[in-house]
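Here the structure comes first, spelled out in structure tokens, and everything after it is commentary.
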Amino acid sequence: MQFGDKVMKIMESAENQVESAFRHIEKTIDLNQWKVIQAFQTHRVSDYHFASSTGYGYNDRGREVLDLVYADALGAEAALVRPHFVSGTHTIGTALFGVLRPGEHLLYITGKPYDTLHKVIGKPGDGMGSLQDFGIGYSEVALTEEGTPDWSAITAAIQPNTKVIGIQRSRGYSWRPSFTVEQIGEMVRFVKEINPSLIVFVDNCYGEFTETQEPTEVGVDLMAGSLIKNPGGGIAPSGGYIAGRRNLVELAAYRLTAPGIGGEVGAMLGATRAMFQGLFLAPHLVGQAVKGSVFAAAVFEELGFESHPRWQTPRTDLIQAIRFTSAEHLITFVQGIQKASAVDSHVVPEPWDMPGYEHPVIMAAGTFIQGGSLELSADAPIREPYIAYMQGGLTYSHCKLGVLTAIQHMEDAGLLGQN
């Protein structure tokens, strides 16, 4: 790849800046890698656990051990890990439908959740089978202007029939900080003091292995995530996980299959080995992606753009938000990320009306796993303020290439001096 002198100088300056942040990331990689290996060793993972199953999948020991390994690695009592989850939204929906019943109430305390969850929550009588269509109440508490929980508003919003407190760890499509595990633990303690029977649920997408603890280790009752994000290690072809208290995971399993069946069945369709190996690789690959986000922040801050989080801010997820001043800036950046892909580099992404989103969305996703956002990708709703969300990168070298290609693409279009 050929880059101009300006781009190369920016790269060198940014890499000199981020050395200390990279050292911290390496320590996190080590601790998480050792934790995952210990979980494998505890449950004596062997090659026979990688065998496929068919039909009902009775007595699939690989599937059973995979659940145990995930539970240990995530600090949970139990886990349900399956290729049958089609997306993070499906996994989250399964968890919520598993524990909520008609007449009960779901309260999100981290503001409006990610766009694709809006249809899962739904509206009363919408006929779509949403939570509210089934008579489950919903409300949300906006964050403060500083992006922190509004404690007094949360207290006022908890109703007698509130059963589940929802927390979205990652920023989603919003200009707010993602929540650290420590902050999530503070939220758990706060709501449990009000009502100890409340179930605290966390959407953990993009957060796994970015810190040395997971939300289930600080009191969260149930959490869910996607295997085509962090924990799948860029190898798992599909799937998701639900982890937490054993009785709640079992209820979610009944929702995934059927009451009385739960997690006892389900052919793994040849995906077991990839799911084990993806988990093994996940701590390292997540660290590579986090390095890429830190580098991107340093580069774009040097160019005069706003980034969130800043490069020196400790990370709790993969997502790097960059604020541009026009739709043209944003679109050109995303197209530049696509140009750096190993897959579909020749494709030019354009905004389109993507199912589940309220505005046209542009996505750069030259990935080996379709939609795999542990791989280098970037996307953005085309709306003001014009914020692009970059995430992933299986290697730091690819992250760096993506960022440099994007800024060179912007430079060639005459956009870098317009911010």
Side-chain angles (χ1 to χ4, degrees), residues 76-78 80 89-169 172 174 176 179 181-204 215-224 242-256 259 262:
E77 285 184 6
L80 179 73
T89 301
H90 178 208
T91 312
I92 294 163
T94 300
L96 293 174
F97 272 107
V99 299
L100 285 159
R101 298 292 179 267
E104 294 175 341
H105 176 243
L106 166 65
L107 173 65
Y108 256 78
I109 63 171
T110 51
K112 188 179 289 295
Y114 192 71
D115 293 38
T116 56
L117 205 59
H118 297 177
K119 294 295 176 69
V120 174
I121 294 166
K123 297 177 181 178
D126 60 28
M128 295 178 63
S130 64
L131 288 168
Q132 293 198 75
D133 194 29
F134 273 88
I136 296 166
Y138 172 78
S139 55
E140 61 196 39
V141 177
L143 297 170
T144 66
E145 291 184 3
E146 293 75 31
T148 59
D150 188 331
W151 303 114
S152 60
I154 291 169
T155 302
I158 294 175
Q159 304 173 16
N161 65 333
T162 300
K163 184 177 185 181
V164 175
I165 300 294
I167 296 170
Q168 182 174 293
R169 178 176 179 176
S174 62
R176 68 145 172 99
F179 291 109
V181 173
E182 182 181 3
Q183 289 171 317
I184 290 170
E186 185 180 2
M187 294 181 219
V188 172
R189 290 188 292 273
F190 182 83
V191 299
K192 294 282 188 177
E193 285 179 3
I194 297 172
N195 182 353
S197 67
L198 288 169
I199 296 169
V200 180
F201 169 79
V202 168
D203 169 359
N204 203 34
T216 35
E217 297 177 86
V218 293
V220 165
D221 300 294
L222 196 65
M223 68 181 185
I242 296 171
R245 282 168 37 196
R246 191 175 310 280
N247 64 318
L248 301 179
V249 172
E250 185 176 32
L251 289 173
Y254 291 155
R255 177 69 189 191
L256 176 63

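Keep in mind that this is a model prediction, so the values were computed, not measured.
- Taking Y254 as the reference, nothing meets the ring-ring contact (aromatic ring centres under 6.0 Å, His included) condition, with sequence neighbours excluded.
- Put simply, the side chain of H105 reaches to within 4.5 Å of the side chain of S139, judged on heavy atoms.
- Dense packing is recorded around CD of Q159, with more than 12 heavy atoms of other residues, nucleotides or ligands lying under 6.0 Å away.
- Side-chain contact of E146 with T144: a donor-acceptor pair under 3.5 Å is present, judged by distance alone.
- Contact of the R169 side chain with the D203 side chain is not registered, since no non-hydrogen atoms from C-beta on lie closer than 4.5 Å.
- Screening V200, D221, I165 for a side chain to side chain contact (heavy atoms under 4.5 Å, CB included) involving V188 leaves a single residue, V200.
- Counting heavy atoms from C-beta on, the side chains of L107 and I158 come closer than 4.5 Å.
- Although no hydrogens or angles enter the test, the distance criterion places no donor-acceptor pair under 3.5 Å between the side chain of T94 and the main chain of A252.
- Side-chain contact between T148 and L143: absent, with no pair of heavy atoms (C-beta onward) separated by less than 4.5 Å.
- With contacts defined as side-chain heavy-atom distances shorter than 4.5 Å, the pair V218/E182 does not qualify.
- Salt bridge K112/E140: present, at least one basic N to carboxylate O contact under 4.0 Å.
- Looking at K163 and L100, their side chains come closer than 4.5 Å, going by heavy atoms from C-beta outward.
- A heavy-atom distance below 4.5 Å is found between the side chains of L198 and T162.
- Side chain of T155 to backbone of W151: a donor-acceptor contact under 3.5 angstrom is found.
- Residues meeting the salt bridge (Lys or Arg N to Asp or Glu O under 4.0 Å) test with R255, sequence neighbours left out: none.
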